[in-house]
Amino acid sequence: MKTEASRLITNFATKPIGIMQWKWENFYLYGLVEPLTGEYFVWEFSHLNAACFNIFLEKFSATYAQDIHIIQLDNGAFHFSQHLQIPENIILLFQPPHTREVCRVDTLPGELHHKLIQSNDYGRKLKDI
């Protein structure tokens with residue numbers, strides 16, 4: 001949020017002089033969801049780049065070392081980095097560009113909103129919809 005400047009006490013017709021710099025803190029959530037069970041793995045990082053993606057894949061691979069995982073990805077630049085080291089138990093599957101029907105996460109909120117409006121029953125549980 002941006003801090004709004006308000007009135008300050010100064011002489012008449014004198015504009016106050018001040019230095020203002022807003023601090024922004026960003027973070028990125030990397031996450032994977034198992035579609036059948038809903039089990040998820042989420043990790044917070046400071047950057048969206050190949051180095052953080054490498055760390056995320058290593059942590060995921062170490063946590064679920066007993067299985068082989070197929071991870072569906074979009075065509076983000078850091079997914080194709082030459083410095084990316086993919087663990088042996090992970091297979092990356094890249095989806096074609098501009099295919100919203102493949103990536104259902106993008107359309108989920110709109111579909112839920114539409115179903116809630118139609119049902120007129122806001123007390124229903126998400127799993128019932």
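If you read the sequence from its start, that first residue is 1, and numbering goes on from there.
- Separating the CD1 atom in Ile90 from the CD atom in Glu58 is a distance of 9.5 Å, to the nearest 0.5 Å.
- Side-chain atoms of Glu34 and Tyr64 include no donor-acceptor pair closer than 3.5 Å.
- In the model, Asn54 has no side-chain atom that pairs as donor or acceptor with a side-chain atom of His83 under 3.5 Å.
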Test log, rule side-chain contact (heavy atoms from CB on, under 4.5 Å), inputs Phe56 and Phe45: CA-CA 9 Å; Phe56 176 74; Phe45 287 94; 3.7 Å; yes

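- No chain of hydrophobic side-chain contacts below 4.5 Å, direct or via other Ile, Leu, Val, Met, Phe, Trp or Tyr residues, connects Tyr30 to Ile91.
- Phe53 and His79 have their aromatic ring centers within a separation under 6.0 angstrom.
- No continuous path of ILVMFWY side-chain contacts below 4.5 Å connects Leu48 to Leu29, so the two sit in separate hydrophobic clusters.
- Between Phe60 and Phe41, a ring centre-to-centre spacing shorter than 6.0 Å is recorded.
- Taking OG of Ser61 as the start and NE2 of His69 as the end, the distance is 7.0 Å to the nearest 0.5 Å.
- Here the straight-line distance linking atom CD of Gln72 with atom CG of Leu92 works out to 11.5 Å at 0.5 Å rounding.
- By the neighbour-count criterion of 12 heavy atoms within 6.0 Å, atom CD of Gln66 is densely surrounded, having more than that number from other residues, nucleotides or ligands.
- To the nearest 0.5 Å, atoms CD (Glu44) and SG (Cys52) are separated by 11.0 Å.
- Here the rule is side-chain contact (heavy atoms from CB on, under 4.5 Å) with Leu32, and of Ile71, Leu57, Val42 only Ile71 fits it.
- The number of heavy atoms from other shown groups lying within 6.0 Å of CD1 (Ile68) does not exceed 12.
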